[in-house]
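Here is the structure we will look at.
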Amino acid sequence: MLDLSAILQFFISGVNLGCIYAAIGLGLFVVYGVTGVLNLAQGEFVMLGGMLTVAFYTAGTALVPSLLMAVIIAALVGAMLYRLIIYPARNSSGSTLVFLTLGFAFATEGIALSVWGWEFKSLPSFWGSPNIQLWGATIFGQTPWVVGTTLLLVIGLFFFFGHTIHGKALRACADEPLGARTVGISTDQMALFSFVLAASLGAVVGAVITPLTMTGYGVGMPLTIKGLLAALVGGINRAEGVILGGMALGMAEAISAGLMPSGYHGVIALGILIVVFLSRPRGLLVAPGKV
Amino acid sequence: MRTVKEKIRALLSGREHRMVLALFAVVLMTVPLVAGPYGVIVMVDVGLYSIVTMGLILLMGFAGQISLGQGVFFGLGAYMSGIITTRCGLSPWLVLLVAAVAAGAVAIVVGRALVRLRGLIVAGVTLALNLVFCSLVVSLRDLTGGATGLPLIPRLPLGGFAPSNTLFSYYVVWIVAILLLVFSLNLVNSRTGRALKSVNLLAGGSEDTAQVLGVDIIRYKVQVFAVGAIYASIAGSLYAHYTGCIEPGAFGVHFSVLVAIMAIIGGMTSPWGAFLGAGLIVSVNEALREVMPAVVGGSTGAYELIAYGSILVATLLFLPQGLMSIWRRLQPQERFR
Amino acid sequence: MSEKGKQRDTEEQAILEIRDVSVAYDGLVAVNGVSFCVRRGDIIAIIGPNGAGKTTLLKLITGLLRPSGGEIWLKQQRVDRVAPHRIASLGVTQVFQDIQLFSNMSVVENVMAGCHVWTGASFLSTGLRLPHSRAEERNISDTALRKLSLVGLGQKAFYSPSSLSWGEQKRVGLARALAAGADLLLLDEPYGGLIAEEIGKLSQLLLELQHRGITILMVEQLTDVVLDIANQVVVLRYGEKIADGTAAEIQGNEQVIATYLGNGPLEGDER
Amino acid sequence: MTQENHALLEMIDVYANYGVVQALRGISLHVEQGEIAALIGPHGSGKSATLKAICGLLPVARGEILFAQQLIHKDPMEKLVGRGIAYVDERRLIFPSMSVIDNLVLGAYRRHGKEQKEKIEQDMQTVFELFPILEERKKQTAGTFSGGEKQMLAIGRAFMSSPKLLLLDCPSLRLAPVLVRKVMRAISELRDQGVTTLLIEQNVRAIVNVAGRAYVMEEGKIVLEGHPRDLLAAQ
Amino acid sequence: AGPAGEASYKVGVIASQTGPYSGLGLPALEGMELIADGINENGGIDGIPLELIVYDDKGSSTETALAAKRLIEVDGVLAFACSTATGLSHSLVPVANDLRTPGIIMSGTGLINDQLGEWCFKPIASEDDYIPLPLGYLADDQGVSKLAGLLENSGYGEGGEFYLAKVAPDCGIAIVETQHFDPAASDLTPQLTNIKNSDAEAIFIWGSGPAGALAVKQAREMGISLHIVTTPAQASPSYVESFQEYYEMAPSLVCLDSKLSMWRQLADDDPDKAMCREFDELYIEIYGHSPSMWNAIGAQIIQFIADGLERAEPDPTKLEEARGKVRDAFESTTGLSLFMGTYTLSPTDHYGRVVPKEVLVTFKDGEKVLVKTFS
Ligand SMILES: Nc1ncnc2c1ncn2[C@@H]1O[C@H](COP(=O)(O)OP(=O)(O)OP(=O)(O)O)[C@@H](O)[C@H]1O
Ligand SMILES: Nc1ncnc2c1ncn2[C@@H]1O[C@H](COP(=O)(O)OP(=O)(O)OP(=O)(O)O)[C@@H](O)[C@H]1O
Ligand SMILES: [Mg+2]
Ligand SMILES: [Mg+2]
């Protein structure tokens, strides 16, 4: 039964899912890498990006301006999250901060529900990009956009954090906040920046995946969980690690959905992930020196 | 000097807690007399959550091991109790103990693997485990009833008869909770408690130092993981017999996160925090159910969610150390924390 | 004295013996073929430039690090493959260079944590407060308080360690190590950051401990003080032992002077 | 009055608290341009607190701090770095998961502009000359450094900001005697280039030949002031 | 709010307003409120107004049970209805039976029909009643004999799997492939690939959320041109609109739906046409859109309860006695014609649907087209 085109289809599906998970994981990485906060509201930015783009688009705005406006609004919400919630509690422990972001996520979800209702929304593929048939397998028209966006993000972040002084300054903030201040880095501004960056990234991802996955008020939390798993399995300290983790998760899901006994694939996919976790106790890729 | 000595003695002997504990027990035992039937119902839930949260506080607040998978052990307890009592007709009490031991054993195996992991990765694995557990329950339909649920779980018997469900459950749950509280308090104010705190990488512990002082860090971490699992499993068994019907959604990530919220809101520096956290979260929920229809009317779910999120944020902003920190603040001479 | 005769001599009284021990951190050889012996009841000092491998050596002894070569014998037991907490239970403890107090415990709890190694109440017995564990706890608190007053911090028992000044923290660290009741005490720069009068006091304390039969192995930069009280000095450089002997012998060693003490002109060749 | 008559740093009756603990109770001191001054005193006397108050880490409850004739006690630390104050904490606060070179580069974070680029390069060389090990281990992750190596890195990093005023909390701590001399000599050399230093030292002897002025602190107050030589004699 | 002094018939409602099942709960709630308002505008039931007390179940069975207990103990309702997924409503059965209050469950699966006990009722639909309609269509009209099931991992999907296997042989259809997906799945190409590579001639997509609709879209995008039949959720207007192109690709998708949404195309002699038309027009007047399947389910539950109350004539001040009366009245429901079916219940049958009213629809030019009804 198993032919090559089927295998190829599973692979494509894995890449597609992997990129989505990785892109969300990258948002987590940005905030974590700068502030040490696990931002459980990252998925909500993805939701906002998708929902806002749909809202503007269905109101008659063209795609690009819709997306831009969505990103700007999401960035403002990200700034708000930092200023109103994280900043006042910046001296609290990591776990307190995590649950602050969770509370924010709940409230955001509630607001989205009361504004947009429960219906799932979709967008057409960007500029009607056609499906591609490849040796009997199908690549959805939107998939190249998703993969491209993720690639761009990871390359950009990799370069920014690894090779620019401002990127290094951002990393320094999480590494030793007081030390960062002693060399003149404003940890506060950097943290604000990281939240705005993560929110914008999330919003872009949200808009780009909507034609594939649809969006609704409640998609944020499940996406956060997937992104979190991706980031942790790969090593949340490095952008490349997050990509690797996302791919591992996406592939595990797609391949077990395709090849494993139907009904058990959820167990198997995550089981594979746990094995990866346990065999690489510090994540697939780790930043040396720090856990 | 004398005063310092006395204080340490008081702390160690649990004298500091004894009065509060007695008062707490008395108040709890009299709750059903003053609160209406619904108050008792709510308190059963508070008790069940408190037990699981207490285990998590030992695990996360003391030993510094994040777990987003307490639902696994809550579920293990519930399903073991549910399946064995409906299939084999064994005594629920016996099964409860067997399930707790089994959950502890599972936790030891899992814990052995987990202790090698660093930092947040533990959170990731426990989260994944929780997802696996739920998928497994759904997949093993013949055994567990799948997503539809496992019905017709018998009540906890007392002697020959099964007393009025809610009131009886209330007393069972709270007696168990108080016993576990005493156990936890003893634990944290002892050699074991200090060993646990010494390996707490979330809050000021250091594994190297702990080891040099003779602490077998793997053993302590695994043991406390098992203790957390046993607490959760006991609560799960009680829950199964109390509700009579269980389904996998009750043991999902949602539950584990809720328990973690309770731990944080309550305060992770003391087992008492579990009761404060569970009490607050459950009462906020109930209060919103009561109040929101009057404020907005109609379908209030979305507004309840907004309010719930905002209350969570506000509480953590004002009391980042959790509700327990109020109590600490009331003790002026205590300079620590 | 013949080399052989000397070895037999020390073996009888040796509490600790390091035999040709090496270890590397991905590529960097931090300790390279170091051997020496510590006699019971001595104060032995390890000195050497920064990065010479002194702290690493202590880690090897306490088991926090496994040597890639060589053997470590503690009280006639080979310990280089033994878990750190087991080594601790053989009567060894350490004060770290950066102290590392547990900031989630009060000062007195920190010292009580030091008593872990000689107590044995299990998880269950502490949870159930069995009489045995109760008695043990009383014993622990008494010991802890004694050690705390010994370093003059009895009144700050309930303070949080992070509210103490650096020097005070150092003293808590020492009290915690003393509470462990070890007969081999490893100290990583105990004098660092102390003021003149405290230096005298600490020396006195160490001598007193020595008098009580405790063996002390310390790493130190304050050479003049160390040379005052140490029975034996080991000098490390680039992870290798370059000298081993009494204080007088060391002070005369030109290599040591050139690379470490720097009494001469300032251009010491620093690695 | 001419510029030279003003002290570079001046603290006037400064009070500061850690919560309920009164760490500083009326500190007045001044450090002249191009001077090396030292704070000495027993543990818990408030030496570190004084430095923290100057660089904005510890909020000043009362009193004034002037740097180059400007009030600075309300400014956040990151701003003061730009003004030319560099601080080395007793915990060193290096960036543990970053490489040595990144640590140093970030030391110059506040120095922008093309013309600075060359100077930064030069300063880096100066640091490497002072502590050759930093150059040898450029790529090593700073968190794996030995205690003394971290201390060197922290001092080097502070130097990279091209400070006018260096605040050093126990620079000699953890350093081998030969290095202590080296650091002290470097500080003297820096003074010759116009860099002012205020440092904490436990061992008066170590600074006798270096510092021109020393303050003795006790319980949050300055109890003695003078040349280290005189203070040593007084002891 | 304790039991108020003035007389009203209090009826509790537990709906998924948030959480994963809010797509079922919120529309049902809308339908319920419409009927209740209608009753009250017409003077209530025998002059006594109907009071709905609504709680959110938050997608959690613990919360569902707590809400039910609150309705019973605090609010003193005579009966309560619950509009949620199978697993959640299942956990209400012991609550209703313990606290002796009639509970109306509206979850989709027939798996729990025989576990309702004395106090629970499920006057909705059961799979074995309606599966013959789509399977009959496939076998008789399209000549299909081999079917693939693509099933959601949920109580709803479990019901589908169980009853498909049970009913298919009777219709002359073999289930040759079974694939599962998570309710939140976003990429179903692996499952669809497996179906494509099997020898199935048609796909039955069984799901309650967006994943089912995505499955249709992705199947067509992958060039799978098998017949597809789906459960009613996929006929939701928002999916139909978003995926019109794929829904209408030949062979056009066939969905289960209710007579209500198709009343215009019903034969004029259809006994339900008038009722459906009336409700549809009212719905459009109040809410501005036609009722969906879940709106109708909500509405019919209140109609069912109102019918019981009318016959029981309970005294709302004597709670215990009143609840018993209401329960007895529910058990003696006979020939009650509602949107999803006509019901005749008995003490041994708390499901009691005697006439199913599902229809099959397909899509053309953005409109639903009636394909088949029970006849
Ligand atoms: N974070 C803190 N919270 C509360 N009190 C503190 C804190 N840090 C220091 N203190 C207290 O403030 C006082 C002054 O401390 P400071 O650190 O300035 O001392 P120091 O002179 O630098 O001592 P050392 O030589 O030991 O470093 C001490 O009594 C100390 O206990
Ligand atoms: N984890 C590690 N990875 C790589 N190199 C390391 C690691 N730990 C230590 N080193 C290196 O090993 C060498 C020896 O370190 P060690 O801490 O033993 O020095 P030390 O003699 O204690 O020096 P100091 O007096 O400065 O504390 C140092 O050069 C250090 O940079
Ligand atoms: Mg060292
Ligand atoms: Mg200090």
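Each chain gets a letter, A, B and so on, in the order the sequences are listed, and its residues count up from 1.
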Query raised in the report: If you count the non-hydrogen atoms of other residues, nucleotides and ligands that lie under 6.0 Å from CZ in A:Phe158, is the total more than 12?
Result: no

Query raised in the report: How would you list, in number order, the residues of residues 100-109 of chain D that have a heavy atom less than 4.5 Å from chain A?
Result: D:Asp102, D:Val105, D:Leu106, D:Gly107, D:Tyr109

**Report entry** Close approach to chain A in residues 153-175 of chain D, criterion heavy atom under 4.5 Å
**Finding:** D:Arg157

**Report entry** chain A neighbours within residues 52-66 of chain D, where any heavy atom lies under 4.5 Å away
**Finding:** D:Gly56, D:Leu57

Requested in this report: May I ask you to test the D:Arg91-A:Leu178 pair for a side-chain heavy-atom distance under 4.5 Å?
Outcome: yes

Query raised in the report: Given side chains that start at C-beta, do those of A:Glu176 and D:Ile94 come closer than 4.5 Å, heavy atoms only?
Result: no

Query raised in the report: How far does CZ of D:Arg110 sit from OG of A:Ser186, to the nearest 0.5 angstrom?
Result: 7.5 Å

Requested in this report: Find the distance between CZ (A:Arg238) and OG (D:Ser97) and round it off to the nearest 0.5 Å.
Outcome: 11.0 Å

Query - Residue pair D:Glu78 / A:Ile185, side-chain heavy-atom distance below 4.5 Å - result: no

**Report entry** Heavy atoms of other groups near D:Glu189 CD, more than 12 under 6.0 Å
**Finding:** yes

Query raised in the report: Can you list every pair that meets side chain to side chain donor-acceptor pair (under 3.5 Å) and has a residue in residues 82-93 of chain A, with sequence neighbours left out?
Result: A:Tyr82-A:Asp188, A:Arg83-A:Asp188, A:Ser93-A:Ser95, A:Ser93-A:Thr96

Report task. To the nearest 0.5 angstrom, please state how far the CE atom of D:Met98 sits from the CZ atom of A:Arg171. Result -> 4.0 Å

